[in-house]
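Convention: sequence-line order gives letters A, B, ...; per-chain numbering from 1. Every value quoted in this text rests on a predicted model; they were computed, and no experiment measured them. What you see below is based on every heavy atom in this structure, not just the backbone, and it leaves out hydrogens, waters and symmetry mates.
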Protein chains: 2
Amino acid sequence: MVKHYEVFAALGDPTRQGIVDLLTRRERTVSELAGEFAISLPGTLKHLRVLQSVGVVSRTKTGRTVTVRLEPEPLGAAEDYLRRTRTFWTHQLDNLADRFADSKPKELR
Amino acid sequence: MVKHYEVFAALGDPTRQGIVDLLTRRERTVSELAGEFAISLPGTLKHLRVLQSVGVVSRTKTGRTVTVRLEPEPLGAAEDYLRRTRTFWTHQLDNLADRFADSKPKELR
DNA sequence: ATAATGCTTAACCATACGGTTCACTATAGC
DNA sequence: GCTATAGTGAACCGTATGGTTAAGCATTAT
């Protein structure tokens with residue numbers, strides 16, 4: 001199971017974000033991607049492996065060319081996590097409830 | 001200006017995600033946070049500095065204790081970026097339009 | 001005044017990470 | 001069959017990163 005921070009770590013690099021951004025417009029081959037970033041092909045490969053390891057990207061081999069495609073699901077999961085985290089004020093209502101709990105003989109620590 | 005990948009990099013560490021998660025419930029002092037993660041206080045400090053550098057967290061000194069608080073804005077920005085990226089299929093309609101553009105004498109490359 | 005507490009800074013260490021080059025495999029084209 | 005093209009793998013390198021300990025500063029408590 002892939003954790004949220006792993007997806008964030010994968011997105012937390014300028015080159016990888018650039019790759020992701022490119023892939024929003026259309027799918028690309030590995031060497032097309034490498035051509036965009038003034039880094040070597042093996043360097044690009046490493047980034048692709050990181051992105052693929054968290055499911056953000058998938059690769060399909062056709063003949064000798066490999067097509068790289070963006071996968072929306074992990075992005076959605078990360079987005080949901082961010083939304084839940086950002087709306088922490090609702091959680092803080094629970095916190096208010098906790099304070100009341102302090103003056104009661106209830107457990108629920 | 002803080003870039004998206006910087007926010008993602010900040011969230012892309014298990015300890016820092018843990019800190020953020022804790023702060024969704026309520027604000028904490030620095031040493032409270034340090035107590036939760038079996039890492040030293042200076043280690044915790046480093047993580048806090050990273051989170052603060054991208055604005056995800058803010059610190060307020062009161063006397064000798066420092067209160068750490070979650071800031072929703074950068075999380076929202078990251079969330080928006082993810083949403084835009086995830087809904088790349090709509091962008092690919094533009095791509096389809098591009099193909100038509102190829103057979104036309106229009107520019108718009 | 002002294003001691004204890006809360007936080008910070010500095011120096012250091014091992015490992016992970018982003019990059020490279022070189023060698024290799026596999027498919028496509030002549 | 002030979003050559004060119006697309007992608008991979010392996011080894012290596014410098015720097016960034018996550019962690020530590022030790023020392024220092026500022027505020028609170030005795």
Side-chain angles (χ1 to χ4, degrees), chain A residues 2-23 26-71 74 78, chain B residues 2-23 26-71 74 78:
Chain A
V2 47
K3 283 132 185 168
H4 291 129
Y5 74 83
E6 292 174 324
V7 177
F8 291 135
L11 297 175
D13 172 90
T15 304
R16 286 196 292 268
Q17 197 205 309
I19 291 176
V20 166
D21 288 346
L22 274 183
L23 291 176
R26 55 184 137 90
E27 54 190 30
R28 312 264 178 149
T29 70
V30 170
S31 30
E32 273 174 353
L33 289 173
E36 298 278 354
F37 295 104
I39 73 177
S40 67
L41 214 157
T44 308
L45 253 290
K46 280 194 180 182
H47 286 303
L48 287 178
R49 238 176 286 133
V50 172
L51 289 170
Q52 189 176 18
S53 74
V54 297
V56 167
V57 133
S58 66
R59 285 191 278 181
T60 314
K61 191 165 196 169
T62 312
R64 65 183 164 178
T65 77
V66 170
T67 303
V68 184
R69 186 179 305 100
L70 202 56
E71 293 292 336
Chain B
V2 49
K3 284 135 187 166
H4 291 128
Y5 74 84
E6 291 173 326
V7 177
F8 290 135
L11 298 174
D13 172 272
T15 304
R16 286 196 293 268
Q17 196 205 309
I19 291 176
V20 166
D21 289 346
L22 275 181
L23 291 176
R26 54 185 138 91
E27 54 191 32
R28 314 264 178 147
T29 71
V30 170
S31 30
E32 275 173 351
L33 288 173
E36 299 277 354
F37 295 103
I39 73 177
S40 69
L41 215 158
T44 308
L45 253 290
K46 282 194 180 183
H47 286 302
L48 287 178
R49 237 176 286 131
V50 172
L51 288 171
Q52 190 177 17
S53 75
V54 297
V56 167
V57 134
S58 67
R59 286 190 278 181
T60 314
K61 191 165 196 167
T62 312
R64 65 184 163 177
T65 76
V66 171
T67 303
V68 184
R69 187 178 306 100
L70 202 54
E71 295 292 338

Strictly distance-based, threshold 3.5 Å: is any side-chain N or O of A/Arg16 a donor or acceptor partner for the main-chain N or O of A/Ala10? yes

B/Pro42 side chain, from C-beta outward: closest of C/dT20, D/dG7, C/dT8: C/dT8

Round to a whole Å and report the spacing from CD of B/Glu32 to C1' of C/dT5. 14 Å

Roughly, in whole Å, what's the span from CZ in B/Arg59 to P in C/dC7? 10 Å

Ignoring hydrogens and geometry, is there a side-chain-to-backbone donor-acceptor pair from B/Gln17 to A/Tyr5 under 3.5 Å? yes

Could you tell me whether B/Gly63 contacts a base, only the sugar-phosphate backbone, or nothing, with contacts defined as non-hydrogen atoms closer than 4.0 Å? sugar-phosphate

Using whole Å, report how far CG of B/Leu41 lies from P of C/dT5. 14 Å

Contact under 4.0 Å: A/Arg28 side-chain N or O vs D/dG7 OP1/OP2: no

Identify, between A/Thr62 and A/Arg16, the residue whose nearest nucleotide on DNA chain C lies closer to the 5' end. A/Arg16

Evaluation steps, side chain to side chain donor-acceptor pair (under 3.5 Å), between A/Arg69 and A/Thr60: CA-CA 8 Å; A/Arg69 186 179 305 100; A/Thr60 314; 3.1 Å; yes

Ignoring hydrogens and angles, tell me if any N or O in the side chain of B/Thr62 forms a donor-acceptor pair with the backbone of B/Thr65 under 3.5 Å. no

Could you tell me how far apart A/Ile19 (CD1) and C/dG18 (C1') are, to the nearest whole angstrom? 12 Å

Stepwise side chain to side chain donor-acceptor pair (under 3.5 Å) test for B/Ser58 and B/Glu71: CA-CA 7 Å; B/Ser58 67; B/Glu71 295 292 338; 2.8 Å; yes

Given atom CG of A/Leu45 and atom P of C/dG18, what is their separation to the nearest angstrom? 14 Å

Measure CD1/B/Ile39 against C1'/D/dT20 and give the value in whole Å, please. 10 Å

For B/Leu48 and C/dT8, give me the distance from atom CG to atom C1', rounded to whole Å. 12 Å

Testing D/dT21, C/dG6, D/dA6 for proximity to the side chain of A/Arg64, the answer is D/dA6

Of the nucleotides C/dG18, D/dG18, C/dT8, which has the atom closest to the B/His47 side chain? D/dG18

Under 4.0 Å between any heavy atoms, over every strand shown, what does B/Thr65 touch: base, sugar-phosphate, or nothing? Just pick one. sugar-phosphate

Report the nucleotide, chosen from D/dT20, C/dT8, C/dT21, that has the shortest atom-to-atom distance to any side-chain atom of B/Ser40. D/dT20

Report the distance from atom CG of B/Asp13 to atom C1' of C/dT15, rounded to the nearest whole Å. 14 Å

